[in-house]
J.: 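Please see the structure below; I have some questions.
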Amino acid sequence: MLGLLAAGILLPAAALAQANKDAAPKKLYCWNENGQRKCADSLPPEAMAAAREEINVRSGMRTGEVQRALTDEERAAQAEEEAKRKTEALAAETRRRTDQAMLTSFQTEEELRRVFAERVNLVDNSINTARYNVASLREGLVTLLRTAGERELSGKPVPDKLAGDIRVRHAQLLYHTALQASFERQRAELDVEIEQIMQRYRDLKASDAPGARVALDLPPAPKQ
């Protein structure tokens, strides 16, 4: 008797579960494969990584969409883009802090220019040294070439040592000439860098008013 009663209770529950299962909306998966649109009520393994739509079988309405899985190259590009975004954000924050430091640390342009004095002197000294070396090497090379020319004009052979010295001196002259050009280029770039920073400082000073300071996200000016 108890067994029949239990069976009578379990059977409706099983039937209810089956009815609920049947009542659940069925999905249709649609994806593209080799340029052709395919649809099925279950997703095959080869389509797991593909972009697909989920469609309600009864209503025919799209109920969801899944983007395709990224390739290794795309994931790497995505990670690189994220790293670039973080780097740019860090650079912007660094510049903001630098602007704050300039206004806080320097009261005049002259004070700020003194910061660059050591770099300017170092590059200027390097340029002067390079110019001296170039002039000395050129003078020495001219002397060697004159000696070699005189021997050739007199019908005498140019000694191997003299020819070797000419080659070495010429190579040294080329090297120091390039070095001088590099230092002079650095000096010109330094002038541009200094002027850009000075202009930035002037802009910050010109904006050093309560309303402008809020717009620049700078700390309030210290009380005098």
J.: Can you tell me how far CD of Glu184 sits from CZ of Arg131, rounded to the nearest 0.5 angstrom?
T.: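 The CD atom of Glu184 is 4.5 Å from CZ of Arg131, to the nearest 0.5 Å.
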
J.: Taking atom types as modelled and ignoring hydrogens, do the side chains of Gln107 and Glu111 form a donor-acceptor contact shorter than 3.5 angstrom?
T.: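 Side chains of Gln107 and Glu111: no pair found under 3.5 Å.
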
J.: List the atom of Asp124, the atom of Arg187, and the distance in Å for their closest heavy-atom pair.
T.: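 Answer, listing the atom of Asp124 first, then Arg187: OD1-NE, 2.7 Å.
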
J.: Do the side chains of Leu145 and Val134 join up, straight or via other hydrophobic residues, at under 4.5 Å, putting them in one cluster?
T.: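 Yes, same cluster.
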
J.: Looking at every heavy atom in both Ala148 and Ile166, which two are closest together, and how far apart are they?
T.: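 Closest approach of Ala148 to Ile166, heavy atoms only: CB-CD1, 3.8 Å.
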
J.: Quick one: CD on Gln186 to CZ on Arg119, what's the gap to the nearest 0.5 Å?
T.: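 Between atom CD of Gln186 and atom CZ of Arg119 there are 9.5 Å.
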
J.: Indicate yes or no: at least one non-hydrogen side-chain atom of Arg151 is less than 4.5 angstrom from one of Arg146.
T.: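 Result no, sub-4.5 Å side-chain heavy-atom pair not found.
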
J.: Between Ile197 and Leu112, what is the shortest heavy-atom contact and its length?
T.: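 Scanning both residues completely, I find the closest heavy atoms to be CG2-CD2, 4.1 Å.
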
J.: Going hydrophobic residue to hydrophobic residue with side-chain gaps under 4.5 angstrom, can you get from Tyr175 over to Tyr132?
T.: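 Result: no, two separate clusters.
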
J.: For the pair Glu139 and Arg169, evaluate salt bridge (charged side-chain N to carboxylate O under 4.0 Å, His left out) and give the outcome as yes or no after the intermediate values.
T.: CA-CA 10 Å; Glu139 182 179 350; Arg169 187 64 59 91; over 6 Å; no

J.: Does a sphere of radius 6.0 Å around CD in Gln36 hold more than 12 heavy atoms from other residues, nucleotides or ligands, not counting ones at 6.0 Å or beyond?
T.: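 No, CD of Gln36 has 12 or fewer neighbouring heavy atoms, counting only those of other groups under 6.0 Å.
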
J.: Considering only heavy atoms from C-beta outward, does the side chain of Ser154 approach that of Glu152 to under 4.5 Å?
T.: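 Sidechains of Glu152 and Ser154: no contact.
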
J.: Is the closest side-chain heavy-atom distance between Leu162 and Pro159 below 4.5 Å?
T.: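 Side-chain contact under 4.5 Å: yes.
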
J.: Quick check for you: to the nearest 0.5 Å, what is the distance between Thr129 atom OG1 and His176 atom NE2?
T.: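 The NE2 atom of His176 is 10.5 Å from OG1 of Thr129, to the nearest 0.5 Å.
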
J.: If every non-hydrogen atom of Phe183 is compared with every non-hydrogen atom of Ala130, which pair is closest and at what distance?
T.: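 The pair with the smallest heavy-atom distance is CD1-CB, 4.1 Å.
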
J.: Taking Arg114 first and then Glu109, would you say they form a salt bridge - that is, a charged N and a carboxylate O separated by under 4.0 Å?
T.: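 So Arg114 does not pair with Glu109 through a salt bridge.
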
J.: For Phe106, does its backbone N or O pair with a side-chain atom of Tyr201 as donor and acceptor, under 3.5 Å?
T.: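 Yes, the answer is positive, given that a donor and an acceptor are paired below the 3.5 Å cut-off.
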
J.: With rounding to the nearest 0.5 Å, note down the distance linking NE2 in His170 to CG in Asp165.
T.: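 Rounded to the nearest 0.5 Å, the NE2-CG separation comes to 14.5 Å.
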
J.: Are Val115 and Met198 in one and the same hydrophobic cluster, where Ile, Leu, Val, Met, Phe, Trp and Tyr link if side-chain heavy atoms are under 4.5 Å apart?
T.: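 Yes, Val115 and Met198 fall within the same hydrophobic cluster.
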
J.: Report yes or no: do Leu174 and Val168 belong to one cluster of Ile/Leu/Val/Met/Phe/Trp/Tyr joined by side chain heavy-atom distances under 4.5 Å?
T.: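 Looking at the clustering, Val168 is in a separate group from Leu174.
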
J.: Could you state the interatomic distance from CZ (Arg113) to CD1 (Ile194), rounded to the nearest 0.5 Å?
T.: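 It is 7.0 Å, given to the nearest 0.5 Å.
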
J.: Counting neighbours of CG on Asp160 that are heavy atoms of other residues, nucleotides or ligands and sit closer than 6.0 Å, is the number greater than 12?
T.: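 At most 12 heavy atoms, drawn from other residues, nucleotides or ligands, come within 6.0 Å of this atom.
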
J.: Are Cys30 and Lys38 side-chain neighbours, meaning at least one heavy-atom pair lies under 4.5 Å?
T.: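 A side-chain contact is absent here, since even the closest heavy-atom pair is not under 4.5 Å.
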
J.: For Asn32, give me all partners under side chain to side chain donor-acceptor pair (under 3.5 Å), at least two apart in sequence or on another chain.
T.: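 For Asn32, no residue satisfies side chain to side chain donor-acceptor pair (under 3.5 Å) once neighbours in sequence are set aside.
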
J.: Are any non-hydrogen side-chain atoms of Asn133 and Leu173 less than 4.5 angstrom apart?
T.: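 They are not in contact (no side-chain heavy atoms under 4.5 Å apart), so the answer is no.
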
J.: Give, for atom CD of Glu195 and atom CZ of Phe116, the distance between the pair rounded to the nearest 0.5 Å.
T.: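 The CZ atom of Phe116 is 10.5 Å from CD of Glu195, to the nearest 0.5 Å.
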
